[in-house]
There are 2 protein chains.
Amino acid sequence: MVTIKDIARAAQVSITTVSRALNGYSDVNEETRKKIVAVADRLGYSPNIAARSLISKKSKTIGLLLSNVTRDSSKDNIAFEVLCGMNDRAGELDYDLVLFSTTPQKQKTKSYKKLCNERGVDGVIIMGIRLDDPYLEEIVSSEIPCVLIDIPLKGPNVGYVTSDNVKGACTAMVHLLENGHRHIGMINGHTQADVSRHRLRGYIDALASYGIPYNESYVMDGSFSEAAAKEAMYRMHSLYPELTAVFCASDLMALGAIQAVKGLGRSVPEHISIVGFDNIDIAAYHTPAITTVNQHKYETGYQAAQLLVDLLEGRNVNRYIVLNTELVKRDSVRTIL
Amino acid sequence: MVTIKDIARAAQVSITTVSRALNGYSDVNEETRKKIVAVADRLGYSPNIAARSLISKKSKTIGLLLSNVTRDSSKDNIAFEVLCGMNDRAGELDYDLVLFSTTPQKQKTKSYKKLCNERGVDGVIIMGIRLDDPYLEEIVSSEIPCVLIDIPLKGPNVGYVTSDNVKGACTAMVHLLENGHRHIGMINGHTQADVSRHRLRGYIDALASYGIPYNESYVMDGSFSEAAAKEAMYRMHSLYPELTAVFCASDLMALGAIQAVKGLGRSVPEHISIVGFDNIDIAAYHTPAITTVNQHKYETGYQAAQLLVDLLEGRNVNRYIVLNTELVKRDSVRTIL
DNA sequence: CTGTTAGCGCGTTCAG
DNA sequence: CTGAACGCGCTAACAG
């Protein structure tokens, strides 16, 4: 490994001068700078970030706390698209990303805050963590700059990126209502996700705007999983045969629901109309193609990275970003009289 | 930030003693150790990895050099599944992952080797990089331990994880041949990927085993992209109407090929049979469901992480891992007489 | 068993 | 414009 000391020796100057020359300080002779840069290049020097961050307290590194980066989370590649957006923007801004191995159930012996401190990340982006996570509160209220995706917590140094889930859900519901559906069920995600609450609100609001009373038992838990949603759909169909449509709070759950409908010998959308949420890739290729609410996943990650860096570099920006969603009409909804 | 110095002061011992106590050295009194650990806990101490790695030259960090972690790579979530596998295993082994923002075309001013040196990663996993990448050779022949996924290069400290692409392609072809197809085209990925070469070999081998001469013009370039494959299929169909089946070197390209067939007013598998490769999630949900060669993506990542850590920790293991593939029969192939 | 000393690679006063 | 000296947080000899 070649250090500035090596360069200093080779260029016949002091270590300090090398440091200043390489960091673009103005108070160094243009001649010496050129010589130093040349030597550095020749020797293939690259600065040691560990040493640098030891002093500067900055590492140009963003920590990532994600769930859904484990086995069986591939279909739901939302996390991946968001990650792509973060990766792109972070790269442009010259930051690297470190993925914390947020071990699932395994004894999480270390708090998120400790994780960040140890690694010396400048800030952290958090996504997919449940609201009841034991370490969430701690890091959010710490001094570490955080950007939360779909998690509504306040803190001294936090930013927030989300989608307009209420409106999105509402639009999806209005679409069903406009198509004549009056008995509409909902399969929601678990309650420890903020989006579940918002999407439920959209469901309720849309119903209200059509003067339809909200029937709590029409809403079942699908826990954001295909299997759980499938089961919920089975129960829903036998308990409430009057339902002609079901709004699912994720496409993965829509997939499960459709399987249940098929399992019952019925079909979508002939017997039951289904609307999903997220617009995952499978939704478009599925038969029937699933009508869903598109979420800008890549953009979410991109904005989150941007916002975090803004926070890090002390820019005074809006810390609350809400992205649009839009209805994507496809073939899983039919019009009834 | 609380350091060992703080602990030393609070516990009335020297800094060294704190260091030894916390790092589990045997030569420290059980009494003092307990006291120190207690103080450390109370103060919420966590070690500064930057400082530690400055001395130990180890950072418990694995670098990741991936392509396909940018916009428009979501359908092809192979990278994501592999990433999940790496993340899981790395987590279990107590390593963190850092994603290098391997800026796409943008002026890659920094070589991969420099990237690794600066960040002080212990080793690096490389995937999706083209064989003609300018910096690939450099890092592979450096002292930095590397694990290459689907890249066949030798180096002093490299491991290699791949799938049996020849066999996989061969199995796919034999399936077509067994179903009576005799005029079979191939849409291959770009030549700067090792898997393309292997899959082509499988194609040729299978043909040979049935005594069918290899016709070079039956193989077209789809560059691993949906759009390029679509175009290739159009050309293929008009130039060689005798083809009854096409083997695509990726599912994404199979998707493109199918679109072209549809665009021609024909259908799969009635007019043309298609077999893909990879077994991406969409393949199962697509109509017709795509017959393909399954690749163990998660396992690939898992094994790559394991292998790299083995290399890092000096274990003498097999550095060459080849994972099985298997044919997944679905609905995109028909039997002809 | 414990403390003292030195130094990892770098940036930053403060004198020249 | 340049250099000597110091210290970031930590580990590793080397004494005692």
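Per chain, numbering begins at 1; letters A, B, ... match sequence-line order. Only this structure's heavy atoms are used, side chains among them; waters, hydrogens and symmetry mates stay out.
Applying the side-chain contact (heavy atoms from CB on, under 4.5 Å) criterion to A:Glu30, with sequence neighbours excluded, gives A:Arg33, A:Lys34. Checked against side chain to side chain donor-acceptor pair (under 3.5 Å), B:Arg9 has no partners two or more places apart in sequence or in another chain. In terms of the ring-ring contact (aromatic ring centres under 6.0 Å, His included) criterion, A:Tyr25 has no residue partners (sequence neighbours excluded). Taking A:Arg119 as the reference, B:Thr61, B:Asp96 meet the side chain to side chain donor-acceptor pair (under 3.5 Å) condition, with sequence neighbours excluded. A:Ser14 pairs by the side chain to side chain donor-acceptor pair (under 3.5 Å) definition with A:Thr17, not counting sequence neighbours. With sequence neighbours excluded, no residue forms a side chain to side chain donor-acceptor pair (under 3.5 Å) with A:Glu118. With sequence neighbours excluded, the residues forming a ring-ring contact (aromatic ring centres under 6.0 Å, His included) with A:Tyr160 are A:Tyr320, listed by chain and number.
Within the 4.0 angstrom heavy-atom criterion, no nucleotide atom of any strand lies near B:Ser53.
Evaluation of the side chain to side chain donor-acceptor pair (under 3.5 Å) test over residues 137-157 of chain B, restricted to residues two or more places apart or in two chains, returns B:Ser111-B:Glu138, B:Asp150-B:Thr162.
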Each nucleotide of nucleotides 8-16 of chain C classed B (base within 4.0 Å of a protein heavy atom), S (only sugar-phosphate) or -, in 5' to 3' order, makes BBBBB----

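Closest approach of B:Lys57 and B:Asp122 over heavy atoms only: O-OD1, 4.1 Å.
In this structure, B:Ile7 places its CD1 atom 12 Å from P of D:dG9, rounding to the nearest Å. What separates CD of A:Glu30 from P of D:dT2 is a distance of 10 Å, to the nearest Å.
Scanning residues 33-42 of chain A for heavy-atom distances under 4.0 Å to DNA chain D yields an empty list.
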Using atom types as modelled, flag every donor-acceptor pair under 3.5 Å from a side chain in residues 45-55 of chain A to any protein atom, sequence neighbours excluded.
unit_1: A:Asn48; atom_1: OD1; unit_2: A:Ala50; atom_2: N; d: 2.8
unit_1: A:Asn48; atom_1: OD1; unit_2: A:Ala51; atom_2: N; d: 3.0
unit_1: A:Ser53; atom_1: OG; unit_2: A:Ile49; atom_2: O; d: 3.1
unit_1: A:Ser53; atom_1: OG; unit_2: A:Ala50; atom_2: O; d: 3.1

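For the helix from C:dC1-D:dG16 to C:dG16-D:dC1, the angle separating the two terminal helix axes comes to 40°, with each axis derived from five pairs and the value rounded to 10°.
Look at A:Thr17 and you'll find a side-chain N or O under 4.0 angstrom from OP1 or OP2 of D:dG3.
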